[in-house]
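What follows is a set of notes on a single structure, which appears directly below.
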Amino acid sequence: MALVLKALIAIVFELLELSMWFSRGVVVLHLLVSCALATAQQAQHAGRAQTVAGAANTPNTQSRLSSLPARKDGLWEILVRSDDLVLQRAGRASPKPVTVRQCTSAAAEQIMLMSIVPGQEDCHERKVRRRGSGADARYEITTVCYVHDHRVDTQMQLLGDLQSAYHGSFQTRFPKTPLNNTGRMVFEGRWLGGCAAGQRPGDMLLPNGVTVNVVDDQQRAKDADHSGHQH
């Protein structure tokens, strides 16, 4: 009985954590720090996530991950905000837009491009469709990922040549907890030039001045996950 009670308490705390993490009121903040939080969260729940993590590392799963389009190497500034029209229709005030700066390279870009989208650390499926070329290029990206064994579905539209500027939108849905859905988010990116002195690929500068390395965070999450499992 004590073990059952302990398990129930753990589940309650996990649900509360998820509710706070994906709350509409802090969704923009989560977009900025999702990768950094994933490190601690995946390490904490590594033992419980064995089935999902094991599946994500199989060759069959890797074959379902299409390559993402790549931006030009260097420093990019990305502005992310909620869709104002959707919020107005729902009678809600628009949160302030946020801006981040990302230092990327060809090696880091498969992680960096989607780092503004929540829940992209453990993806089992990713499909990319391209239409047009150059400044008229349009990409339709869909992913199926997992956070704490909870499925996360994302659809992204990406437009632009990815050499000097791009823009688009995304929606992230949580089938088990629909109240946590992000709604339609829009973003704009522009190339600033080479990465600043002291920066390295994977670095993301947050509005509060803190820099996190998205690539390192994701690798630490994988290492913590592997250390808790034997495949």
Side-chain angles (χ1 to χ4, degrees), residues 14 18 21-22 27 30-31 33-39 41-43 45-71 78 80 102 104 106-132 137-160 162 166 168-187 189 202 204 214-226 228-229 231:
E14 180 184 348
L18 287 172
W21 189 24
F22 294 120
V27 65
H30 171 65
L31 296 180
V33 300
S34 59
C35 290
L37 290 177
T39 302
Q41 290 165 337
Q42 290 190 16
H45 296 275
R48 185 176 52 80
Q50 180 175 2
T51 301
V52 172
N57 291 311
T58 63
N60 187 42
T61 298
Q62 293 299 322
S63 68
R64 296 198 297 269
L65 298 179
S66 301
S67 295
L68 292 167
R71 296 171 296 181
I78 304 98
V80 184
Q102 299 179 336
T104 192
E109 186 64 356
Q110 291 298 301
I111 295 175
M112 292 299 290
L113 182 66
M114 297 289 287
S115 62
I116 61 171
V117 181
Q120 301 300 298
E121 294 80 24
D122 181 16
C123 295
H124 292 206
E125 296 181 23
R126 184 172 63 214
K127 297 180 181 180
V128 180
R129 295 181 180 179
R130 175 178 174 174
R131 298 178 181 176
R138 180 186 182 93
Y139 299 89
E140 301 285 342
I141 303 170
T142 59
T143 66
V144 177
C145 309
Y146 288 83
V147 175
H148 296 313
D149 301 349
H150 289 249
R151 177 168 170 151
V152 182
D153 296 326
T154 296
Q155 293 182 323
M156 172 184 278
Q157 294 77 43
L158 184 64
L159 301 91
L162 304 180
Y166 65 94
S169 65
F170 69 84
Q171 294 187 66
T172 299
R173 297 182 176 87
F174 305 87
K176 289 186 178 180
T177 55
L179 291 178
N180 297 323
N181 295 346
T182 64
R184 185 173 184 268
M185 307 292 292
V186 295
F187 56 86
M204 179 161 65
V214 178
V215 175
D216 288 352
D217 287 343
Q218 190 165 124
Q219 186 59 53
R220 280 193 292 267
K222 289 181 179 179
D223 291 344
D225 192 44
H226 290 324
H229 306 104
H231 298 295

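Numbering of residues begins at 1 and proceeds along the displayed sequence. Computed from a prediction, not measured in an experiment: that's the story for all the values here.
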Measure the [atom1]-[atom2] distance between [X] and [Y] for me, rounded to the nearest 0.5 Å.
{"X": "Arg220", "Y": "Asp217", "atom1": "CZ", "atom2": "CG", "value": "4.5 Å"}
{"X": "Ser66", "Y": "Arg126", "atom1": "OG", "atom2": "CZ", "value": "7.0 Å"}
{"X": "Met204", "Y": "Ile78", "atom1": "CE", "atom2": "CD1", "value": "8.5 Å"}
{"X": "Gln157", "Y": "Arg129", "atom1": "CD", "atom2": "CZ", "value": "12.0 Å"}
{"X": "Ile141", "Y": "Lys127", "atom1": "CD1", "atom2": "NZ", "value": "14.0 Å"}
{"X": "Leu158", "Y": "Phe170", "atom1": "CG", "atom2": "CZ", "value": "12.0 Å"}

**OP:** Take Ile116 and Gln102 through the test side-chain contact (heavy atoms from CB on, under 4.5 Å) and record every step on the way to the result.
**Re:** CA-CA 10 Å; Ile116 61 171; Gln102 299 179 336; 3.9 Å; yes
Subject >> Partner of Asp153 by side-chain contact (heavy atoms from CB on, under 4.5 Å), out of Asn181, Thr142, Val144 >> reply: Val144
**OP:** Mind checking side chain to side chain contact (heavy atoms under 4.5 Å, CB included) for Glu109 and listing every partner two or more places apart, or none if nothing turns up?
**Re:** Ala70, Arg71, Thr104, Met112, Leu113
Which heavy-atom pair separates [X] from [Y] by the least distance, and what is that distance?
{"X": "Phe187", "Y": "Ser169", "answer": "CE2-N, 3.3 Å"}
{"X": "Arg173", "Y": "Gln171", "answer": "NH2-OE1, 3.4 Å"}
{"X": "Ser67", "Y": "Val128", "answer": "O-CG2, 3.5 Å"}
{"X": "Gly160", "Y": "Tyr139", "answer": "O-CE1, 4.3 Å"}
{"X": "Ala108", "Y": "Val215", "answer": "CB-CG2, 3.8 Å"}

**OP:** Evaluate side-chain contact (heavy atoms from CB on, under 4.5 Å) for Tyr146 paired with His124, printing each intermediate quantity in order.
**Re:** CA-CA 8 Å; Tyr146 288 83; His124 292 206; 3.7 Å; yes
Backbone N/O of [Y] and side chain of [X]: donor-acceptor pair under 3.5 Å:
{"X": "Gln110", "Y": "Leu68", "result": "yes"}
{"X": "Thr182", "Y": "Thr172", "result": "yes"}
{"X": "Gln120", "Y": "Pro118", "result": "yes"}

**OP:** Apply the test side-chain contact (heavy atoms from CB on, under 4.5 Å) to residues Asp122 and Cys145: give CA-CA distance (whole Å), side-chain angles for both, the deciding distance (0.1 Å), then the verdict.
**Re:** CA-CA 5 Å; Asp122 181 16; Cys145 309; 5.6 Å; no
Original post:
Do any pairs count as a salt bridge (charged side-chain N to carboxylate O under 4.0 Å, His left out) and have a residue in residues 138-148, sequence neighbours left out, and if so which ones?
Top reply: Arg138-Glu140
